[in-house]
Each structure stands twice: as C-alpha cells, then as structure tokens.
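Here is how names work: the chains are called A, B, and so on, in the same order as the sequence lines, proteins then strands, and each is numbered from 1. Excluded from the calculations below are hydrogen atoms, water molecules and symmetry mates; all remaining heavy atoms, backbone and side chain alike, are included.
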Protein chains: 2
Amino acid sequence: MEPPAQPKRVTIVDVARHAQVSTTAVSKVLRNAYGTSPQMRARVRQAIDDLGYRPFAAARGMRGQTYTVGVMLPDIRNPFFPEILDGITDALWETDYQVLMAPGRNGEAAEAKVTEAMIDRGMDGMILVAPVSSRSHLERVAGMVPTVVVGRHGRSAAYDTVSDDDLAGAALVVDHLADLGHRRIAHIEHDETDPRRIEEMPNAIRADGYRRAMRARGLEDEISIVSTTYTQRGGYLGAQQLLTRSPRPTAIFAGADIVAMGVLQAVSEAGLEVPDDISIAGYDNTTFAALGPISLTSVDQAGRHIGTNAAQLLIDRIGDRVRPTAQIKFSPTLVTRRTTAPPPG
Amino acid sequence: MEPPAQPKRVTIVDVARHAQVSTTAVSKVLRNAYGTSPQMRARVRQAIDDLGYRPFAAARGMRGQTYTVGVMLPDIRNPFFPEILDGITDALWETDYQVLMAPGRNGEAAEAKVTEAMIDRGMDGMILVAPVSSRSHLERVAGMVPTVVVGRHGRSAAYDTVSDDDLAGAALVVDHLADLGHRRIAHIEHDETDPRRIEEMPNAIRADGYRRAMRARGLEDEISIVSTTYTQRGGYLGAQQLLTRSPRPTAIFAGADIVAMGVLQAVSEAGLEVPDDISIAGYDNTTFAALGPISLTSVDQAGRHIGTNAAQLLIDRIGDRVRPTAQIKFSPTLVTRRTTAPPPG
DNA sequence: CTGAAAGCGCTAACAC
DNA sequence: GTGTTAGCGCTTTCAG
C-alpha cells in the first residue's frame, strides 16, 4: 500500500461557500474581528466544524500573524532549561499560540542561525533563554519581532527581561556555608572573557556575588575561583584543581548543579567523603539535585515560574509593541540538603 | 528610545532588480534549480549578499517547502529524549533545514494538537518520538506530511520507523542479574492498558521481554511485575510495594532510569543498601545513570544515533514520498555499574 | 454589517 | 538559458 494521496486542504473558500458567506466573513470570525453578526458567526463556526477546516499558518503569515512563538534554549541537556520551557508551554496552552523550540547550543553563530530562522518563519514573538549573543544582536532581533530575554541582567529599551537575582543567590550559598563555619569556600565559574557580557550573564553575576558575599563576611583573603565551564566535565576538572591546593577548601560552591555533578565525581575519586570532608553546593535546584543518592544543596530559581512570566510578558508585548519594556527579577531561595555540613575538625 | 520601526524585508524582487535579472532567476538560484548559468548564479549571489536577503519561509510555504522539520518529544524532563533531539539537530545542521521541537506531553490530545499545529505550519517533515497516539492518527499524519516515528515497534506503510530492540534490552538485564545469581528479579513497568498500543509501545515490549527472559532462564515462577508509570514517583511507589513482599526480591529491573531513581529513594528509605541488600538496574543509560554517586547499571540505547538515523530517513522520505517505508532497529547494550552485584547470602 | 478585490513573497508552468 | 505570469490561502482596505 502506498501512502494515500494528499487530500487537498480545506480552505477558507470552501468554508465560505459551505456557509454561504464571503471569505472575508470567515476570516473575521476566525480572528474574532469587529463587524460580524451573531448568526453569521454561528453559521461560519458550523461550517468550520463540518468541513474540519484549520487555518494554514503559512498563508496567514504572509499578511498577519502565524500564531507561533519561538523559544531558544541554550542547552536542553541541562535539566534546568526544560523547566522554563514547561512554564512557557503551560502559559500558552489555552491560547491560540503554538510554542516551537530550537536549541541555541551556547554559541553566537548557532544562536544567530536560530534567531534568523525564527524570524524567517514569521514567529509572532520569541523568548531567548540565557543567550550568549551580543547585546546589539539581541536588540536587532527585538527590533524585528517582539522578544523577551530570560536570564540576562541589564535593561534594554528593545526587549523585556525576566531574570533571577544571581547576586543574591550566590550570597545565599556563601552565607549558608559561612554560617556552618566554613572559611575556605571556593567557587567554580563558567569562564566569561567578553567584557561586554560580564555585566549581563548570570554566570558572571554569580561569580561576582560570590566575591561580594565573601568580602561581606570578612573572608576576602579566602576568595578562590576556578574558571571552567558550566558542564559536568568543567566541574570535574575544576574540582581536581581545587583539591590539590593547600590548604584545601572545605567547601565548593559550583555555579550550576551540572557542575556540582562533576565535582562530586572528582571528590569521590580523591577518596574524600561528602559532607564529612568537604561540602558541596550547586545552583538551579534541578531534578537531580533532589535525587536521594545525590541530595545536593542548591539554589532554587523556580524555572517554571520564570517561564510563565516570560510568556505573559511576550503576549503583552505582542499586543502593544511600543509600551515601555519591563524587567522582572525573581529572588532565589536556598534548598539545603545532605551535601553541606560543618567543616571537619 | 522606542523599538526601531521595522525595516521592510528585502524580497526576491529587490534582489532581482539589484542583480538585473528576473525573480525567477533568483528563485532558481536559491533552490539550486536547473537552468542557470554560472555567471547569473554569481551575480545573484552577490546581490543576495549585498542586500542581506533571506527567503521568507511563509511565502515559500505557500508554494513549496518551508525547509523546516518538526520534532515532537514526549517529555523533555526525561534526559533520554534530548539526546535524540541532539542527534537530529546535528544531522540537519549543515542542511537548509531548521529543526523546531514541541513537547507532546504524553497524551493523545496534546499530541494531536502538536501534530496538527505542525501540519498547519507547513512542516516539510516530522519526527515523532515515542508517540502515544493511535496508529490511525499516526498514519493520517504521515499521509499529509513525510513522517518518521521513533520508538514504536511495528511496521507501517505510511511512515518510516527507528526503534531499539526492547525485547533484547530487557533480556540483557535479566540475564545479567541471573548470571550474578539472582532469582527473585522484579520488574516495574509503565502501565499500558490500551490493547492496540500494547504491541507497539516500548514500555510494553520491555515488560514482555522481561517475562520471556525470565522463562528462558527457568525463572517463570519468580516473575513479579508492578505497574506504575515511567516517572520517578512511579518508581518510588512501585519499589515500596515490592519491598513489602515476602520473600523480598533481590533485584529490581526498572523500565527506565527515571524509574530507577525513585526505586533508589524507596530502597534507601527502607534502610537497605545497594547493591549489598538489593540490586537495581535501569534503562536508557541517561546522563544521570553515569553520575558518580548513582552509578546505575542501565541499558544503553544510543539516543544520538537514533536521532541521526531518523533525520536521515526523513530527508530520504522527503526526497521520495512513494518509496517503500524503512524500519531501522538498533540493538541495545548493557552498561554495568555499581548498583548490581550478587544477591546477599 | 457584509463582500469584492488587491495583494503578501515566493515558485512553477510556460513562453521565448 | 531566461523572463512573464498566474496563483498558493489568507488578511485587509474599501465600497456597498
């Protein structure tokens, strides 16, 4: 058996004929536009049901909206980002908008490719999560299509933002560890060289928050940072370096849970016990931080919540493209688990 | 500062004028179509660069292709699925196709919504990963747009498939445990009630593979299955049931890594040690199975590889819609780690 | 309140 | 090898 020949799509013309009205009328009913009588709406709706009509987005896109919003996530392997997507999808579930996601792969070139592809496909709006692209690129994108940027700090007149207070989050961790009695608290950061990004990227802000919090606790002499990447391997390599230092840190604050996973690995290979010999804290409170055998102390960012808020902001922006931009900032909380305890001795 | 007024898009007409050729010529060059001289191609390319032209997908979609493929994943929280998406994205990276993903949320209604949205948006092809929809729905979709189904067993004349040999995978686990000396090996499955799906869904096949392998080892009297869901909570509840049985199983084969996470939790709460008191095995070999503190024995499905093959199949199918459908089946391998060992005593 | 008609940007016959 | 032209399905003036 061959695949069945494509049945020709039902169009607005078919619906109009069936309902004995004009195509204009159908179009108006579809968009809940002004100027349709109740009985006309009823007849058109009936015809739509009878024929199983569904609007063809490409055709709509040529004149008006596509009812599609694009989401770019940096890395779907990091379990924190799916939470955000989930929040976005939930918020838009009951609307006519369909959410479509593409991975940005943590690179400027890849991100540019994705944002252009989305613009070319007529997205009505875009949500860019923790993009690494330059601010000017982001503003150019936002100039073409309503855009919400998630995770980057710093306000722009071109796009709305939703972010988490990474400065406060880092302080939460440092304070928690210091309260337990730790002094030699080290940090593993995601290396940020581009000076223009250093003020905006969450990873850089966390490192800064760590420094400030250490100083605030009078621990400036103990500040100790290793720069790798926000990956499991980055955590592994970073921890290896830290463990050879002498005196050895009694606690490691990893900039992301995924980094903490690598740290745990290195610590275990070094024959050390967590938390008896060394305390570990992560960031993001991802699902695997909560897993029994891991039970990682981590900073919770409420990813879902970030997602729903970003979606709402985008809908508002699509509705009014010239209103002033908004900046929503959430406060993180600390979830303490079994990887942190008072220092040995 | 207001967002800058939208600069009007550069169209094919602008390019044609700039290059002093017809719009047809530009269109042909864009599609590498037959009948263009080298010098014309050069001039058109030059004009495209000069003007920064990019084709508008919505307009293309009205006549031909949109150069977009849609991927539906059941659940992006399960870290196995991102691997597949990664494989797909990689395979299509150098092509003109853009990959766009939407979550199917493990429900027939949600899946229908997503597949329709993708069809409405003129996707050139779709890859549906582990869909729960009825076969007839899948075939209807495949009749409208080239489709590859990943994970479901059973051949269809309407769509190509890529799957993993779940029967063999389950046997790998049972044999491994039996070789270690276990006899009371229990299984936690994802409950499948729909008889039409029971023959196709990977979860059902795994349960079946477990039963067959147990019989093949002469352990038919020890067959013990708990039906919950492929979630962490499902694993937790399932394990709680199993641990109260007497005699207690000495090994639990969880149908998915995420399930094994819940099992580990329940086992730990019951005060039992893994693997000394009880062995645990999972399925999917997700990133967290490999994490040091977890180190879960699991079946590897090579998700990336599944993704790249599905993408290739889809490209082939887009190129020739009537060629016979293909069924690719991969063989899983077992990765043994620290959660399995000989039974106590 | 309703409908006729003009495109949106692109592709595909079909002529030249 | 190249250009002219007629739409694809929808939205949007603009008359009636």
Side-chain angles (χ1 to χ4, degrees), chain A residues 6-45 47-48 51-68 96 116 119-124 144-145, chain B residues 6-45 47-48 51-68 96 116 119-124 144-145:
Chain A
Q6 328 265 101
K8 241 193 160 28
R9 257 194 104 89
V10 178
T11 76
I12 205 176
V13 178
D14 302 318
V15 175
R17 191 164 33 215
H18 189 88
Q20 315 243 53
V21 296
S22 71
T23 57
T24 309
V26 179
S27 175
K28 280 183 175 166
V29 172
L30 284 172
R31 291 172 294 117
N32 299 311
Y34 185 81
T36 50
S37 64
Q39 61 256 47
M40 173 184 266
R41 276 200 293 274
R43 283 182 41 202
V44 171
R45 295 248 161 73
I48 288 175
L51 272 45
Y53 166 80
R54 293 200 323 265
F56 186 55
R60 293 183 123 178
M62 300 231 36
R63 303 290 310 213
Q65 307 197 73
T66 56
Y67 298 93
T68 312
D96 286 333
E116 295 198 337
I119 292 171
D120 296 345
R121 280 157 186 78
M123 298 289 175
D124 293 339
M144 309 207 61
V145 30
Chain B
Q6 328 265 102
K8 243 197 162 26
R9 256 195 106 92
V10 178
T11 76
I12 206 177
V13 177
D14 302 318
V15 175
R17 190 163 34 213
H18 189 90
Q20 316 243 52
V21 296
S22 71
T23 57
T24 310
V26 179
S27 176
K28 280 183 173 166
V29 172
L30 284 173
R31 291 172 293 120
N32 299 310
Y34 185 83
T36 51
S37 65
Q39 61 256 48
M40 173 184 269
R41 275 200 293 274
R43 279 177 52 197
V44 170
R45 295 248 160 74
I48 287 175
L51 271 44
Y53 166 80
R54 293 198 325 262
F56 187 56
R60 293 183 124 179
M62 301 234 33
R63 303 292 312 212
Q65 308 196 75
T66 57
Y67 297 93
T68 312
D96 286 333
E116 295 197 336
I119 293 171
D120 295 345
R121 280 158 187 77
M123 299 287 175
D124 293 339
M144 309 207 61
V145 30

Nearest-angstrom distance from the residue atom OH of Tyr34(A) to C1' of dT11(D): 19 Å

Any donor-acceptor N or O pair under 3.5 Å, side chains Arg121(B), Thr68(A): yes

Separation of dG9(C) C1' from Arg9(B) CZ (nearest whole Å): 9 Å

Close side-chain approach of Leu30(A) to Arg60(A), heavy-atom, < 4.5 Å: yes

dA12(C) base / Ser27(B) side chain donor-acceptor hit below 3.5 Å: no

Closest to side chain of Pro55(B), choosing from dG3(D), dC10(C), dA4(C): dC10(C)

Value in whole Å for how far the P atom of dC10(C) lies from CZ of Arg17(B): 13 Å

Any Arg31(B) side-chain N or O less than 4.0 Å from OP1/OP2 of dC10(C): no

dC10(C) OP1/OP2 closer than 4.0 Å to side-chain N/O of Tyr53(B): yes

N/O donor-acceptor pair, side chain Arg63(B) with base dG7(D), under 3.5 angstrom: yes

Selection from dG9(D), dC10(C), dT13(D) that lies nearest to any side-chain heavy atom of Ala59(B): dC10(C)

Contact under 4.0 Å: Thr11(B) side-chain N or O vs dG9(C) OP1/OP2: no

Between P of dG9(D) and CD1 of Ile119(B), the distance in whole Å: 16 Å

Length of the line joining Arg60(B):CZ and dG9(D):C1', which is rounded to integer Å: 19 Å

Under-3.5 Å donor-acceptor pair between Thr23(A) side chain and dT11(D) base: no

Distance in angstrom units between Met62(A) CE and dG7(C) P, rounded: 13 Å

Atom pair distance, as rounded to whole Å: CG in Leu30(A) and C1' in dT11(D): 11 Å

Between dC8(C) (P) and Arg121(A) (CZ): distance, integer Å: 22 Å

Sugar-phosphate only, base, or nothing, as touched by Val26(B) at under 4.0 Å among non-hydrogen atoms: nothing

Main-chain N/O of Asn32(B) paired with Arg41(B) side-chain donor or acceptor, under 3.5 Å: no

Below 4.0 Å: OP1/OP2 of dT2(C) and any side-chain N or O of Ser37(A): yes

Separation between CZ of Arg54(A) and OG1 of Thr11(A), rounded to the nearest 0.5 Å: 13.5 Å

Spatial distance of atom OH (Tyr53(B)) from atom CZ (Arg9(B)) [nearest 0.5 Å]: 7.5 Å

Pairwise 5' ranking along DNA chain D for Thr24(A) and Ser22(B), keeping only the more 5' one: Ser22(B)

